[in-house]
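Have a look at the structure below before the remarks.
First the proteins, then the strands, lettered A, B, ... as listed; each starts at 1.
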Protein chains: 2
Amino acid sequence: MAAQRGQRNGVGDTPPAPTAAEITTPIPRVAEVPAARDRARAIPEAAVARLAVYLRVLSGMQEQGAGTVSSEELAVAAGVNSAKLRKDLSYIGSYGTRGVGYEVVVLIEEIERILGLTRKHSVAVVGIGNLGHALANYGGFPGRGFPVTALFDVDPDLVGVPVGGIPVDHIDDIPRVCAEREVSIGVIATPPPAAQAVCDRLVEAGVQCILNFAPVVLQVPDHVEVRKVDLAVELQVLSFHVARRADDAAQGDGVAGMGPDLQVNGMVVS
Amino acid sequence: MAAQRGQRNGVGDTPPAPTAAEITTPIPRVAEVPAARDRARAIPEAAVARLAVYLRVLSGMQEQGAGTVSSEELAVAAGVNSAKLRKDLSYIGSYGTRGVGYEVVVLIEEIERILGLTRKHSVAVVGIGNLGHALANYGGFPGRGFPVTALFDVDPDLVGVPVGGIPVDHIDDIPRVCAEREVSIGVIATPPPAAQAVCDRLVEAGVQCILNFAPVVLQVPDHVEVRKVDLAVELQVLSFHVARRADDAAQGDGVAGMGPDLQVNGMVVS
DNA sequence: CCAACTTTGTGCACACGTTCACAAGCGGTA
DNA sequence: TACCGCTTGTGAACGTGTGCACAAAGTTGG
């Protein structure tokens, strides 16, 4: 996935050099806060998403009492190449020990810090239909750190009714309620026609991050970050692969039989 | 976003040249079916996802009685660059008229054909909790073409109960039921610990495409296509952006005040 | 203290995707 | 028919992300 956003202007004009303090580094553990900040800006989006995956895998390992992991172990558990994993981790700093691996606790701490999980992020869900209901009932959202603190809908029958312990407010109250409860992430689970209007109100209320489940391309000012989860697109992409597969089978038939073509690379699957 | 998959081996060893029949092209409208097949294999994943978006936008335009669209119009409606849009469309063929634009109907037809939407794809939902319930109730799934024909759960209290018009079966019946109803797409909405086992059964049942909502890295044989929708990851990526933004504000403070930095590029927002 | 082994961190090359810029082609007009 | 303006389709440059391969660095055993 790839998130669409409202026209990000050319980021090509970044500062020419990273102060060169990066290379010299007289003492091993310098570059405390400021360098970390500089690095944070350079982490590719895809790597950020993977860091979140690593974090979950690491949490699982921690619960099972693992003290350290090698990049190889962590990589197979996360379903990625070990080189990629190491590169991803290098974006946030050098917290591994050569010849040994990474300390699970340290890695968890650092990833959480980079992802901003040390702070709680209030979540508001707008649109309490099937999906909104499900989201609200997650209660505390994935793995805590993202408490759902506000619910909104237009339906007067729903307003006031508590869902998952939180009373539903009317969408007209978005600005007030979001401000009061310091909502930092808005989740849009409304029907398509309502999505843009809801989005506008969230933005107006100062919400800077939006997770959009409505199959609509949202227009937002470019200081707002939008991520989209689009069920229809996911299914259609899968459909494409079904079709491609069917075509391949129909076409490359007379050549090598109908069996799957041989696998050269060693599968890492256990 | 990027979908993880079970190690795709180097596609670098593709046929050396596309038969060179591509370049010469004596007659304008040759390259009927076979070329379309060859092309289909070359469409980048990201482009496929966007084609699905274009399709939705086009459907909306068709309903409003539009006969033709220019790449520019369609691009802004889909929230992308017009050059990118044209390149994406070029992957599926040349169906535009220079100086005019694209015929909406034709484009819809062609995109549907490429995405394999001319055929119906039965969907099975496994795990009828909050989310599974919501998915089952969509009834016919996004925009039809993806009828939900089977539901599964372990809970004996749910088995036999109809949800959204379809009775829930026990997950032990996955192979039989999936075969009977010719399920081609499996949706996993179970708790994390059950996901891999469920996935294995789906694969065993011959399902080749899986949409995974469970926060787990699935291991599948490489003829199976997996797409992942991970709520936790989405939120954590947003959290990262909040943090980055906070850092920026705290750091680049003394320079240009606290207002948003000026926007150079012309916003396309209406 | 040294040598052998292990694993990280990263420079480099490659591949993929995006963007630019323009020739090719079509419709409208005189 | 010839010209003009407009929009497509695409070759080529560019930027980003991925994967390889190896030096750097640490640990363990003698």
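- The separation between B:Glu45 atom CD and D:dT18 atom P is 14 Å, rounded to whole Å.
- A:Gln219 places no side-chain N or O within donor-acceptor distance of the main-chain N or O of A:Gln196, the cut-off being under 3.5 Å.
- For the pair B:Tyr95 OH and C:dG25 P, the computed distance is 18 Å after rounding to whole Å.
- Regarding A:Lys87, its NZ atom lies at a distance of 11 Å from the C1' atom of C:dA13, rounded to whole Å.
- Taking atom CG of residue A:Leu85 and atom P of nucleotide C:dT8, one finds them 9 Å apart after rounding to whole Å.
- Distances shorter than 4.0 Å separate some side-chain N or O of A:Ser71 from OP1 or OP2 on C:dT8.
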Go through A:Thr118 and A:Glu112 one step at a time and tell me if the side chain to side chain donor-acceptor pair (under 3.5 Å) criterion holds. CA-CA 6 Å; A:Thr118 48; A:Glu112 283 184 341; over 6 Å; no

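- The CG-P distance, from A:Asn81 to C:dT10, rounds to 17 Å in whole Å.
- Among the nucleotides D:dT10, D:dG17, C:dG17, the one closest to the side chain of B:Pro44 is C:dG17.
- Taking atom NZ of A:Lys84 as the reference point, atom P of C:dG11 lies 20 Å away to the nearest angstrom.
- Taking atom CZ on B:Arg98 and atom P on C:dC22, their separation rounds to 16 Å, with Å as the unit.
- Side chain of B:Ser59 to backbone of B:Leu55: a donor-acceptor contact under 3.5 angstrom is found.
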Where do B:His241 and A:Glu45 land on the side chain to side chain donor-acceptor pair (under 3.5 Å) test, with the steps shown first? CA-CA 10 Å; B:His241 287 290; A:Glu45 188 97 354; 3.2 Å; yes

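- Close to C:dG9, at under 4.0 Å from its OP1 or OP2, lies a side-chain N or O of A:Tyr102.
- Closest-nucleotide positions on DNA chain D for A:Asp88 and B:Glu72 were compared, and the one nearer the 5' end corresponds to B:Glu72.
- With D:dT27, D:dG9, C:dG17 as the candidates, the nucleotide lying closest to the side chain of A:Val100 is D:dT27.
- Separating the CZ atom of B:Arg86 from the C1' atom of D:dC6 is a distance of 12 Å, rounded to the nearest angstrom.
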